[in-house]
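Remarks on the structure that follows.
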Amino acid sequence: EITKEQQVLMQAILKAYERHQIPQDVAKRLLHDQYSAEENFLLLTEMATSQVQVLVEFTKNIPGFLSLDHEDQIALLKGSAVEAMFLRSAQVFNRKTPAGHTEVLEERIRKSGISEEFIKPMFNFYKSIGELLMSPEEQALLTAVTILTPDRPYVKDHAAVERLQEPMLEVLKKLCTLHHPHEPQYFARLLGRLTELRSLNHYHAEIITSWRVN
Amino acid sequence: PASNLGLEDIIRKALMGNLEE
């Protein structure tokens, strides 16, 4: 059973998650089909910036986050931004979109100058997230858990971060049991995605390098 | 790396500011 306290925590995170989305006008521009390689690159860069801003606004509303040391807040966001963005993109990608939209989006990513060997694991990840059929609560909590990972570089007060992450993991675990009573491995599968995200984060650093070379 | 600095700048600004205002 989910306690009242856990309910409050979950609702606060869900509310923040749903309130902070990429602005519609920015998202819409992704679907305009005429663009040069340079325009594509600039738009994707702008999207990424917008995603980081949205991510920070969401994170500020995670109960307890702003009570952490300021430099630790930055270290956590810096260490998790790429992973949180991949999670959010996966959800956008798996959402039911009007016919053709997914293709336009996929085309853009493929034309971004990222080499195929990096794109493949990314789309595989999107697919594996889609297969989980997460509820909005699970998505929001998983993102919060990702951001509040204590072992990011430059985080000083690991214990303080752990104290925030632990209750979120507990609620997430309970939710998984309630939502997926016939899948005892569901929670473990969610955690497995976090490992996959770590690899993508590592890939991302290489993508940046290859982009610079290009 | 410069890319990380860019990310950090965006984070610092967003942490200080308030998009909702």
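Sequence lines set the chain letters: A, B, ... in the order given, protein chains first and strands last, and positions in each chain run from 1.
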Assess whether side chain to side chain contact (heavy atoms under 4.5 Å, CB included) is satisfied between B:I11 and A:Q73, documenting all intermediate values.
CA-CA 9 Å; B:I11 291 170; A:Q73 292 176 19; over 6 Å; no
Heavy-atom count check: over 12 atoms from other residues, nucleotides or ligands less than 6.0 Å from A:F123 CZ?
yes
Counting neighbours of CD on A:E5 that are heavy atoms of other residues, nucleotides or ligands and sit closer than 6.0 Å, is the number greater than 12?
no
side-chain contact (heavy atoms from CB on, under 4.5 Å) test vs B:I10 passes for just one of A:L55, A:V52, A:V56, A:L77, namely A:V52
Working to the nearest 0.5 angstrom, can you tell me the gap between A:K78 NZ and B:R12 CZ?
8.0 Å
Would a distance-only check, ignoring hydrogens and angles, find a side-chain to backbone donor-acceptor pair under 3.5 Å from B:K13 to A:Q53?
no
Around atom NZ of A:K156, are there more than 12 heavy atoms of other residues, nucleotides or ligands at under 6.0 Å?
yes
Considering residues, nucleotides and ligands other than A:F65, do more than 12 of their heavy atoms fall under 6.0 Å from its CZ?
yes
